[in-house]
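So the structure is just underneath, and the comments pick up after that.
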Amino acid sequence: MYLPMDRTVTAKIRLYVEHALGEGQLVPVSRPQAHYLFGVMRLSVGAQVLLFDGQSGEWLAEVAEAGKRGGTLQVLSQTRPLQMPPDLWLMFAPIKKARTDFIVEKAVEMGAARIVPVQTAYTNAGRVQRDRLQAHAVEAAEQCGGTFVPEVAEMVRLDRLLADWDTTRQVMFCDEAQVALKPTLPAKFAPWAILIGPEGGFSPDERERLQRAGHTHPVSLGPRILRADTAAVAALTLWQTALGDWT
């Protein structure tokens with residue numbers, strides 16, 4: 001059931017939990033969550049919190065037990081149903097730590113369903129901490145009001161990714177060598193992926209392979225050279241405007 005109109009919502013905090021949510025459910029609070037809720041935010045018994053689990057929408061809960069090392073939240077009623085993003089992946093070559101974090105956060109906010117770090121010929125970052133990036137995705141969903149948290153995949157080499165690619169998923173790859181500003185992006189209802197290259201761009205071999213594939217669509221992001229993190233936001237905006245749920 002949804003939130004009754006006569007129940008006043010005072011919750012200011014949204015929290016992602018890895019427990020199935022339903023009316024009357026008791027949700028245990030982990031030690032880090034207890035520190036945040038009861039130590040940092042100073043919530044006490046009876047205070048309201050909004051919860052989501054990435055599968056059943058958003059729910060109103062109240063603090064049933066509060067302690068320094070844990071606690072319990074009781075689910076009251078659903079406030080919003082699950083809102084799924086379009087079937088869109090964002091694939092990008094990791095860059096500096098703070099800028100990679102930015103890309104993940106903005107991908108969540110702008111409706112990516114899956115986030116895939118890729119290692120290209122010119123990728124500077126040797127490895128990424130997937131768990132840390134997944135935590136950033138959770139935080140972004142908590143802050144932007146999302147009810148779904150996209151998976152952050154392990155980093156994979158671009159050549160291996162393309163070798164195993166399901167060609168029913170179209171790929172929009174952002175190529176600074178392209179001149180056309182308005183790309184043709186067919187198959188509105190097909191699954192899609194956006195590919196952002198590293199700061200040095202794609203190698204000649206990578207560009208040739210991408211251009212040769214029948215399911216790829218090279219696009220330009222305009223007359224200016226963009227930083228990789230800016231390019232990710234621009235590409236997501238372009239796709240969402242043309243084919244996504246912004247239309």
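Quantities reported herein were computed from a predicted structural model and do not represent experimental measurements.
Hydrophobic cluster membership differs between Phe52 and Phe148, with clusters built from Ile, Leu, Val, Met, Phe, Trp and Tyr side chains linked at under 4.5 angstrom. One hydrophobic cluster, built from ILVMFWY side chains closer than 4.5 Å, holds both Leu133 and Met110. If you chain together hydrophobic residues whose side chains sit under 4.5 Å apart, Leu82 and Val27 never meet in one group. A continuous path of ILVMFWY side-chain contacts below 4.5 Å connects Leu51 to Tyr36, so both sit in one hydrophobic cluster. Cluster membership check: Ile225 does not share its hydrophobic cluster with Leu195, using side-chain heavy-atom separations under 4.5 Å among Ile, Leu, Val, Met, Phe, Trp and Tyr.
Contact between Val149 and Ala141 at its shortest, heavy atoms only, is CG2-CB, 3.9 Å. For Ala34 against Gly70, the heavy-atom pair with the smallest separation is CB-N, 3.5 Å. The heavy-atom pair separating Pro94 from Pro117 by the smallest distance is CG-CB, 3.8 Å. Residues Ala11 and Leu50 approach most closely at CB-CG, 3.8 Å, considering heavy atoms. Of all non-hydrogen atoms in Leu221 and Ala231, the two that sit nearest each other are CD1-O, 3.6 Å. Here the closest heavy-atom approach between residue Gly111 and residue Pro86 is recorded as O-CD, 3.6 Å.
Between Glu109 and Lys106 a salt bridge is recorded (basic side-chain N to carboxylate O distance below 4.0 Å). A salt bridge is defined here as a Lys NZ or Arg NE, NH1 or NH2 lying under 4.0 Å from an Asp or Glu carboxylate O, and Lys96 with Glu199 fails to meet this definition.
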Between Glu62 and Leu76, does a side chain to side chain contact (heavy atoms under 4.5 Å, CB included) hold up when you go through it step by step? CA-CA 7 Å; Glu62 68 178 14; Leu76 302 178; 4.2 Å; yes
After noting the C-alpha distance and the side-chain angles of Asp175 and Arg207, does the key distance pass the side chain to side chain contact (heavy atoms under 4.5 Å, CB included) rule? CA-CA 8 Å; Asp175 186 0; Arg207 181 175 286 109; 2.9 Å; yes
Stepwise side chain to side chain contact (heavy atoms under 4.5 Å, CB included) check, Met91 with Leu161: CA-CA 10 Å; Met91 309 185 299; Leu161 182 67; 3.4 Å; yes
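Inter-residue side-chain proximity for Thr216 and Arg209 is flagged as unmet; no heavy-atom pair is nearer than 4.5 Å. Side-chain contact between Leu90 and Ile103 is present, with at least one heavy-atom pair separated by less than 4.5 Å. For the pair Met155 and Val118, the minimum side-chain heavy-atom distance is 4.5 Å or more. For the pair Leu73/Val29, a side-chain contact is recorded, criterion being any heavy-atom separation below 4.5 Å from C-beta on. Under the 4.5 Å side-chain criterion, counting only non-hydrogen atoms from C-beta, Val75 is not in contact with Leu60. Using a 4.5 Å cut-off on side-chain heavy atoms (C-beta onward), Leu15 and Gln33 make contact. Contact check for Phe173 versus Ile194: no side-chain heavy atoms found under the 4.5 Å cut-off. Looking only at side-chain heavy atoms (C-beta outward), Val108 and Pro150 come within less than 4.5 Å of each other.
Under the salt bridge (charged side-chain N to carboxylate O under 4.0 Å, His left out) criterion, the residue pairs touching residues 115-143 are Asp101-Arg132, with sequence neighbours excluded.
Within the cation-pi definition used here (under 6.0 Å to the ring centroid, within 45° of the axis), Arg169 does not qualify as a partner of Trp192.
Once rounded to the nearest 0.5 Å, the distance linking CG of Leu88 with CE of Met172 reads 8.0 Å. With rounding to the nearest 0.5 Å, the separation of CG in Leu210 from CG in Leu158 is 6.0 Å. For the atom pair Thr72 OG1 and Glu65 CD, the distance stands at 4.0 Å (nearest 0.5 Å). Residue Cys174 holds its SG atom at 13.0 Å from CH2 of Trp239, rounded to the nearest 0.5 Å. Rounded to the nearest 0.5 Å, atoms CZ (Phe202) and OG1 (Thr120) are 7.0 Å apart. Atom CD1 of Ile196 sits about 9.0 Å away from atom CG of Leu226, to the nearest 0.5 Å.
Sparse packing is recorded around NE2 of His35, with 12 or fewer heavy atoms of other residues, nucleotides or ligands lying under 6.0 Å away.
In this structure a side-chain-to-backbone donor-acceptor pair under 3.5 Å is present from Gln240 to Asp245. Formation of a donor-acceptor pair under 3.5 Å by the Glu206 side chain with backbone atoms of Ser203 is found in this model. In terms of modelled atom types and a separation under 3.5 Å, the side chain of Gln134 and the main chain of Val152 share a donor-acceptor contact. For the pair Thr147 (side chain) and Gln83 (backbone), a donor-acceptor distance under 3.5 Å is present. Remark: the backbone N or O of Asp87 is not paired with any side-chain donor or acceptor of Arg114 at under 3.5 angstrom. A donor-acceptor pair under 3.5 Å is formed between the side chain of Gln78 and the backbone N or O of Ser56. With Thr100 contributing its side chain and Ile95 its backbone, the two residues share a donor-acceptor pair below 3.5 Å. Side chain of Thr79 to backbone of Glu58: a donor-acceptor contact under 3.5 angstrom is found. Of the possible polar contacts, one joining the Gln48 side chain to the Thr10 backbone as a donor-acceptor pair under 3.5 Å is found. Judged by distance alone, the side chain of Gln211 and the main-chain N or O of Glu208 form no donor-acceptor pair under 3.5 Å.
Applying side-chain contact (heavy atoms from CB on, under 4.5 Å) to Val233 and the options Thr237, Thr230, Asp229 leaves one that passes, Thr237.
Aromatic ring centroids of Trp89 and Trp165 lie under 6.0 Å apart.
Judged by distance alone, the side chains of Gln25 and His19 never bring a donor and an acceptor atom under 3.5 Å apart. Counted by atom type alone, His136 and Glu105 present one or more donor-acceptor pairs between their side chains at under 3.5 Å.
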